[in-house]
Amino acid sequence: MSKTFLAAGECMVEMAPTGQGTFSMGFAGDTLNTAWYARKCLPSDWNVGYCTAVGRDQVSEQMLDFLTQSGIDVGPVRRLDDRTVGLYMIQLKNGERSFAYWRSQAAARQLAADIDHLQTAVADAALIYFSGITLAILPERDRDTFFSALKAARARGAKTAFDPNLRPRLWETEDTMRACVTEAAGLCDFVMPSFEDELAHFGDPTADASAGRYLAAGADMVVVKNGPEEVICASRENREAFQPKPVANIVDTTAAGDSFNAAFLAEYLVSGNIATSVDAGARLAGTVIQNRGALVDCFEPA
Ligand code: ADP
């Protein structure tokens, strides 16, 4: 097994307004955010790869260039002749942001359609990271392919980590979302939900209830984030709570959970220590939310 952190999911083109009818292009996505921060957090002898699918057109090439320039290995990316990448546009009205999406035909939906490609992509990874959005965008039969690849990877000793990132609008039905997320949790070493989502879509009364539900589904460890509240880390044998340091000046909470997951997992892969992993996660997320945007370059040069 190699020192590879592999994230799987969808990276989208983001069009952000810059003025009257003008936009600037960027790239964004929950698992991409986590891969980007993992690259910053892991030592240089670790490889960070991204498993997705893109087209062969110019914007797909630009996305791959962006990933490569961020130090992320695009070797696991599938290339499709007849597709392109998904896109969303941010619009501002009276200071409020709204989002319009073009993603139903996105290439990323095919990331698990070729089982041989997927098996090769995950073959060597020490850790495979994915989210509820990764699963939501897959056709139903490809979710099973994805789960088989996870099982095979775990059988050879890889760790798996999953953020449920519950987004009902991406799923066929809320029941399907809950069933699929529960099945995925049962295949994971780390399930890393945000309590706000779990309360809204599973009706859990407390963060401990969310942890208990995912442990009952078969997760090895559940790390429940809860904004400024305690992070709960629970396994079948143990339960610990960690209080994140208060953050005075919150500017934009985008990617708080994604960056937490990256720093937590990077620290865990190196030290195997839960307390220092939560500390790393909370410190990075605390910095990210004091800055605008998802990808905040808040790292000192080594
Ligand atoms: P998500 O972005 O997935 O909704 P959360 O809001 O639960 O994630 O936040 C993830 C982590 O970010 C928290 O566990 C905490 O470490 C940090 N964080 C988020 N909001 C705050 C806050 N108001 N004060 C301090 N830390 C915060």
Side-chain angles (χ1 to χ4, degrees), residues 7 9-10 12 14 28-38 40-41 88 90 97 99 129-136 161-170 177 181 184-185 188 190-211 213-214 219 221-234 239-268 273-296 298-299:
E10 180 173 22
M12 301 181 76
E14 177 190 89
D30 63 337
T31 48
L32 177 269
N33 297 341
T34 300
W36 192 89
Y37 283 109
K40 302 276 183 190
C41 294
Y88 68 93
I90 304 171
R97 299 196 323 162
F99 295 81
Y129 176 84
F130 65 106
S131 79
I133 296 178
T134 312
L135 300 175
F162 170 54
D163 185 336
N165 226 334
L166 303 170
R167 297 289 176 273
R169 273 197 288 179
L170 293 178
M177 174 181 79
V181 160
C188 286
F190 294 99
V191 177
M192 311 186 76
S194 284
F195 177 62
E196 196 181 7
D197 286 355
E198 307 301 313
L199 169 67
H201 303 298
F202 278 95
D204 297 332
T206 60
D208 278 301
S210 303
R213 182 171 47 73
Y214 285 124
M221 169 158 285
V222 185
V223 179
V224 190
K225 298 155 284 171
N226 191 6
E229 307 295 324
E230 287 179 330
V231 176
I232 308 290
C233 296
R239 183 250 184 220
E240 287 179 279
F242 301 89
Q243 179 60 55
K245 285 211 176 64
V247 173
N249 185 21
I250 300 173
V251 174
D252 177 2
T253 59
T254 307
D258 303 335
S259 58
F260 178 100
N261 295 348
F264 176 97
L265 293 166
E267 170 63 21
Y268 188 82
N273 182 313
I274 292 295
T276 59
S277 300
V278 175
D279 186 54
R283 270 190 294 122
L284 178 58
T287 304
V288 168
I289 63 180
Q290 293 181 69
N291 291 274
R292 209 163 283 292
L295 304 178
V296 177
C298 51
F299 296 83

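Read the numbers this way: they start at 1 and go in the same order the structure lists the ligands and their atoms.
Looking at residues two or more places apart in sequence or on another chain, you find a ring pair (Phe, Tyr, Trp, His ring centres under 6.0 Å) between Y268 and F190. For E10, the salt bridge (Lys or Arg N to Asp or Glu O under 4.0 Å) partners at least two apart in sequence or on another chain are R103.
At least one side-chain heavy atom of F242 sits under 4.5 Å from a side-chain heavy atom of C233.
Counting only residues at least two apart or in different chains, salt bridge (charged side-chain N to carboxylate O under 4.0 Å, His left out) contacts with residues 195-205 comprise R167-D197, E198-R213, D204-R213.
Among protein residues, S194, K225, N226, G227, P228, V231, P244, K245, V247, I250, A256, G257, F260, A282, A285, I289 come within 4.0 Å of ligand 1, judged on heavy atoms.
With F162 as reference, F130 is the one residue of F130, Y129, Y214 to meet the ring pair (Phe, Tyr, Trp, His ring centres under 6.0 Å) rule.
Side chains of D30 and S131: a donor on one and an acceptor on the other come within 3.5 Å.
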